Amino acid sequence: MKELEKEITQAVRQVLQEATGTDYDGKVLIQETRREFEGDLTVVVFSLAKVLRRPPEEAGAWLGEQLVRRLPHIARYNVIKGFLNLVVDGSYWVEFLNKIRHERRYGLQEAAADAPTVVIEYSSPNTNKPLHLGHVRNNLIGYSLSRIMAADGNRVVKTNIVNDRGIHICKSMLAWQKWGNGITPEKASKKGDFLVGDFYVKFEQEYRKQVEQMVAGGMPEEEAKKKAPLLLEAQEMLRRWEAGDPEVIRLWKMMNGWVYEGFDVTYKALGVDFDKIYYESDTYKVGKKIVLEALEKGIVYRREDGSVWADLRDEGLDEKVLLRSDGTAVYMTQDLGTALLRWEDYHFDKHIYVVGNEQNYHFQVLRILMKKLGYPWADRLIHLSYGMVELPEGKMKSREGKVVDADDLIAGMIETAREMGEELGKLEGLDEKEKEEVYRKIGLGALKYFILKIDPKKNIVFDPRESIDFNGNTGPFIQYTYARIRSVLRKAADRNVAVPEQLGTNYLPNEKETLLVRLLARFPQVRADAAAGYDPALVANFAYETAKAFNQFYHDYSILNETEAEARNFRLVMTLKTGEVLHTAMGLLGIEMPERM
RNA sequence: GGUCCAGUAGCUCAGUUGGAUAGAGCAACAGUCUUCUAAACUGUGGGUCCCAGGUUCGAAUCCUGGCUGGAUCACCA
């Protein structure tokens, strides 16, 4: 399709050159023809008409005449207002199918030997609570993006930074020490991340109680929040941790271990993984070193209380703390270190952070700071900022237990898929294990598609009382279309009908077929656009359109029961390739496709 | 208050270098299974593209101003 557009553009330029005697350096705007008009590609002639000094309608007709004469693939044309609709000859689509017939990886760009390296960071959990729906969105976008970037010819490194140190984990640790009575995930028969999360909530409850008491005793709330004994204890624990206190370290390792075991289960259920995991407990040291070096060079400064700051007011930003007065590191410190470590590890061409938009400011500062510190590759740090997932009553708050838990959500989706599947009863003949596998794919497909079809920038309001759809513009709709296609191909094999290796060019595809093949032809461009815009939603919407076009075709025409050989052959190849494209496209979203459903 | 993001049908969303009469799904209603899978297909109704100006042959899209919602401006991460 891209080639054809180029051909047309070239021809238009040549025709203009011949007509006016000068080169036309403006744009030639070509778009897919809207459904209600006859044609496949449309040249917008308004600007061209100006060059030709003729009214748009007349210029369009003249141009159409020229193009039909010069281009073998353009069968005829019509002009409506200033739009020149070109009808592509049916043989072009047959040839197109022949061309991609044996491309197993059609639509994907192989990574060349000197392909750019793209590091993608996503997930980045805190180790003090289980993953919730917000994390799910992060993981799905990050994983999908890594597939898309890889499909676009990049070498991709999936990374995760585990925020395993800091005051938050100390809060859980302290609460466990005080009220845990030595409980473990085994004894509680609870996933480790949930158990640790419970203690985080416990800390917050007790802390709030203390603050309330102190306020009742006459202390201003601001002061009470800073001076509550529990908080002071947690801060003391962080200092001891950073000083390497063996008892604190032991507790920290144990509780983090519980959390990791829990995360692994969730990651596995979601189908996401990483090539390299960084731990903040390592990278903060590098960050501290960077800050102290910058201090020596006078790029940052120390205040009287001992804290270290960067002054970014020249850049239109504020002052930013880099080390606390007690010398401990903050979030920014470790991110400086992580960035440097990754640079040393990969010398990336791009480093994409998949992090929520609440941290826009943080990444703005990070980039400017890295630049100020003398790292020219700071420009390669890209923040893919995605919107929040909110509940109807507002933001999710782990501290208050108001969250949609990731594990529950996944289990619920699979359960719904099972109920619907059993009701429809199409999986008879499969054993229980095979059925479960199908339900798992469908449940997760529904969840992933639901999240990924939405523009990452936008906030999502998720109402747990309303279930995620399985009909219409959904993952299961596309999966179902794929299962239908596979079913047809299985039946073809049963009947010893082979999908032809090559098609004769006599067949003229009908309207629905042309529409579908046109979509298949668009796929490489969709992949490229999605990579350029870091936007999985483009792939999702493409897959939907393609599935819809196939279903419309399928409804109106027979494939195997078609008696005319040319038509049957064309449809078989088209069906095969549609299935492949759907499989590939959904794969870019991290969605698996069942062979039957 | 500064900065960033969003605002399109009752609801959830597409609409990407400015192009034709703004499109899907859900929900509602009415149809289509003796046929390659009805998780599908077809039809009906549903719009102040937040508002007001501006640029343009042409604006949901670009510019200016305003309105609404969210985020952020922490010695939390």
Side-chain angles (χ1 to χ4, degrees), chain A residues 27 29 31 33-37 42 44-47 49-50 56 80-83 85 124 126 128 163 165-169 171 226 235 280 303 305-309 316-318 320-326 328 330-332 334-335 356-362 364-365 385 387-388 390 394-395 417 420-421 423-424 426 442 446 450 453-455 457-461 463 466 469-474 476-481 483-492 495 529 532-533 535 537-538 540-541 544-545 547-548 551-552 554-562 571 575 596-597:
Chain A
K27 276 176 189 160
L29 185 61
Q31 53 198 202
T33 305
R34 295 178 61 130
R35 269 191 169 194
E36 57 265 39
F37 305 105
T42 296
V44 182
V45 295
F46 292 100
S47 51
K50 253 183 221 168
I80 297 165
K81 295 188 192 168
F83 299 91
N85 302 321
S124 315
N126 289 344
N128 65 334
N163 298 302
R165 54 134 248 142
I167 194 77
H168 54 90
I169 179 69
K171 288 174 179 178
K226 283 182 188 162
Q235 285 168 344
E280 188 190 330
R303 284 189 184 169
D305 62 3
S307 55
V308 177
W309 295 73
L317 301 174
D318 243 318
K320 188 82 192 169
V321 66
L322 299 177
L323 290 177
R324 296 194 186 93
S325 48
D326 62 5
T328 55
V330 293
Y331 178 42
M332 184 58 76
Q334 66 90 10
D335 252 4
N357 61 16
E358 56 192 350
Q359 292 190 31
N360 286 354
Y361 185 70
H362 173 82
Q364 204 185 344
V365 171
S385 160
M388 300 286 94
E390 288 169 21
K395 224 181 148 177
M420 291 182 76
E423 203 173 310
L424 291 167
K426 290 186 188 172
I442 296 171
F450 172 79
K453 77 168 176 181
I454 298 171
D455 181 346
K457 280 192 305 243
K458 293 196 173 171
N459 287 358
I460 296 180
V461 178
D463 190 344
E466 282 176 29
D469 265 318
F470 283 68
N471 299 321
N473 186 356
T474 65
F477 171 87
I478 300 163
Q479 290 172 318
Y480 171 72
T481 309
R484 260 184 160 178
I485 286 171
R486 299 305 296 171
S487 172
V488 170
L489 294 174
R490 274 195 303 273
K491 287 235 159 71
R495 298 184 196 177
D529 289 347
D535 188 358
L538 295 179
N541 285 309
Y544 172 66
E545 265 189 79
K548 193 169 171 60
N551 282 329
Q552 286 169 346
Y554 183 91
H555 181 267
D556 289 0
Y557 300 96
S558 292
I559 302 166
L560 297 176
N561 299 333
E562 171 62 49
R571 287 171 193 169
T575 299
R596 59 184 82 214
M597 69 183 271

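Bear in mind the structure is a predicted one, so any value in this text is a computation, not a measurement. A, B, ... follow the sequence lines: proteins, then strands. Residue 1 opens every chain.
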How far, in whole Å, is B:C63 from B:G23 if one measures between their P atoms? 25 Å
With no hydrogens and no angle check, do the side chains of A:R324 and A:T328 hold a donor and an acceptor under 3.5 Å apart? yes
For A:E36 and B:U21, what is the distance between atoms CD and C1' respectively, to the nearest whole Å? 7 Å
Pairing partner of B:U35 (Watson-Crick or G-U wobble, both distances under 3.5 Å): none
For atom CD of A:E423, is the number of surrounding heavy atoms from other residues, nucleotides or ligands below 6.0 Å larger than 12? no
What is the distance, rounded to the nearest whole Å, between atom OH of A:Y557 and atom C1' of B:U35? 17 Å
Between the side chains of A:D335 and A:H362, is a donor N or O closer than 3.5 angstrom to an acceptor N or O? yes
Any-strand Watson-Crick or G-U partner of B:U3, both distances under 3.5 Å: B:A71
Pick the P atom in B:U48 and in B:U8, then give their distance to the nearest Å. 12 Å
For A:V321 and A:V330, the nearest pair of non-hydrogen atoms, with its separation, is O-CG2, 3.6 Å
Using whole Å, report how far CD1 of A:I169 lies from C1' of B:A77. 12 Å
Where along nucleotides 9-17 of chain B does protein come under 4.0 Å, by heavy atom, of base (B) or sugar-phosphate alone (S), with - for untouched nucleotides? ----SSSBB
Test item: A:R303 and A:W309 side chains (from C-beta on) under 4.5 Å apart, heavy atoms: yes
Looking at B:U3, I'd like to know if its phosphate oxygens (OP1 or OP2) sit under 4.0 Å from a side-chain N or O belonging to A:Q364. no
Taking atom P in both B:C67 and B:A52, compute the distance separating them and give it to the nearest angstrom. 15 Å
In whole angstrom, give me the gap between the P atoms of B:U61 and B:C51. 10 Å
Say we look at B:A14 and B:A24: how far apart would their P atoms be, to the nearest angstrom? 16 Å
Which atom names give the shortest non-hydrogen contact between A:P56 and A:G82, and what distance separates them? CB-CA, 4.0 Å
pair A:N357-A:K457: side-chain heavy atoms closer than 4.5 Å: no
Is there a side-chain contact between A:I167 and A:K171 in this structure, where contact means two heavy atoms from C-beta onward sitting under 4.5 Å apart? yes
Give the rounded distance in Å between these two atoms: CG of A:N551 and P of B:C36. 16 Å
Base, sugar-phosphate, or nothing: which does A:S124 touch, judged by heavy atoms less than 4.0 Å apart? nothing
Using Watson-Crick or G-U wobble geometry with both distances under 3.5 Å, which nucleotide pairs with B:A60? none
Whole angstrom value for the distance that separates P of B:A71 from NZ of A:K457: 19 Å
Report which part of the nucleic acid A:K548 touches: base, sugar-phosphate, or nothing (heavy-atom distance under 4.0 Å, all strands). sugar-phosphate
So does A:K171 get a side-chain nitrogen or oxygen closer than 4.0 Å to the phosphate oxygens (OP1/OP2) of B:A77? no
Before we go on, tell me: are the rings of A:F83 and A:F46 under 6.0 Å apart, centre to centre? yes
Is there a side-chain polar atom (N or O) of A:R34 under 4.0 Å from OP1 or OP2 of B:G19? no
So A:E280, base contact, sugar-phosphate only, or nothing? Heavy-atom distance under 4.0 Å. sugar-phosphate
Is A:F83 stacked against the base of B:A20, taking the criterion as centroid distance under 5.5 angstrom and interplanar angle under 30°? yes
When only distance counts, do a donor and an acceptor, one from the side chain of A:T42 and one from the base of B:A20, lie under 3.5 Å apart? yes
Rounded to whole angstrom, note down the P distance from B:G25 over to B:U68. 35 Å
Contact class for A:N85 (heavy atom, under 4.0 Å): base, sugar-phosphate, or nothing? base
Is the shortest side-chain N/O distance from A:R324 to OP1 or OP2 of B:A77 below 4.0 Å? yes
Quick check for you: among B:C76, B:A77, B:C41, whose closest atom lies nearest to any side-chain atom of A:I167? B:C76
From the options B:U72, B:C57, B:A20, select the nucleotide whose nearest atom is closest to the side chain of A:K50. B:C57
Would you kindly give the CZ-to-C1' distance between A:R486 and B:A40, to the nearest whole Å? 19 Å
Please check if any side-chain donor atom of A:N360 sits under 3.5 Å from a side-chain acceptor atom of A:S385, or the reverse. yes
Could a donor-acceptor pair under 3.5 angstrom be found where the side chain of A:N471 meets the base of B:A38? no
Would you say A:R484 places a side-chain N or O within less than 4.0 Å of OP1 or OP2 belonging to B:A38? yes
When you look at CZ of A:R35, are more than 12 heavy atoms from neighbouring residues, nucleotides or ligands closer to it than 6.0 Å? no
Please classify the nucleic acid contact of A:F470 as base, sugar-phosphate, or nothing, using heavy-atom distances under 4.0 Å. base
Atom CE of A:M388 to atom P of B:U72: distance rounded to whole Å? 8 Å
Paired nucleotide for B:U55 [Watson-Crick or G-U wobble; both distances under 3.5 Å]: none
Closest-nucleotide 5' rank along RNA chain B - winner of A:I442 and A:R35: A:R35
If we call it a pair only when both distances are under 3.5 Å in a Watson-Crick or G-U wobble match, what pairs with B:U12? B:A24
At under 4.0 Å, does any side-chain N or O of A:N357 touch on OP1 or OP2 of B:G70? no
I need the CD1-C1' distance between A:I80 and B:G58, as an integer number of Å. 17 Å
Inter-nucleotide C1' distance (B:U64, B:G19), Å rounded: 24 Å
Report which part of the nucleic acid A:E390 touches: base, sugar-phosphate, or nothing (heavy-atom distance under 4.0 Å, all strands). sugar-phosphate
Is there aromatic stacking of A:F46 on B:G58 here, judged by a ring-centre distance under 5.5 Å and a plane angle under 30°? no
B:U12 and B:C4, which share atom name P, separated by this distance in whole Å: 27 Å
Describe the nucleic acid contact of A:V44 in one word from base, sugar-phosphate, nothing, applying a heavy-atom distance below 4.0 Å. base
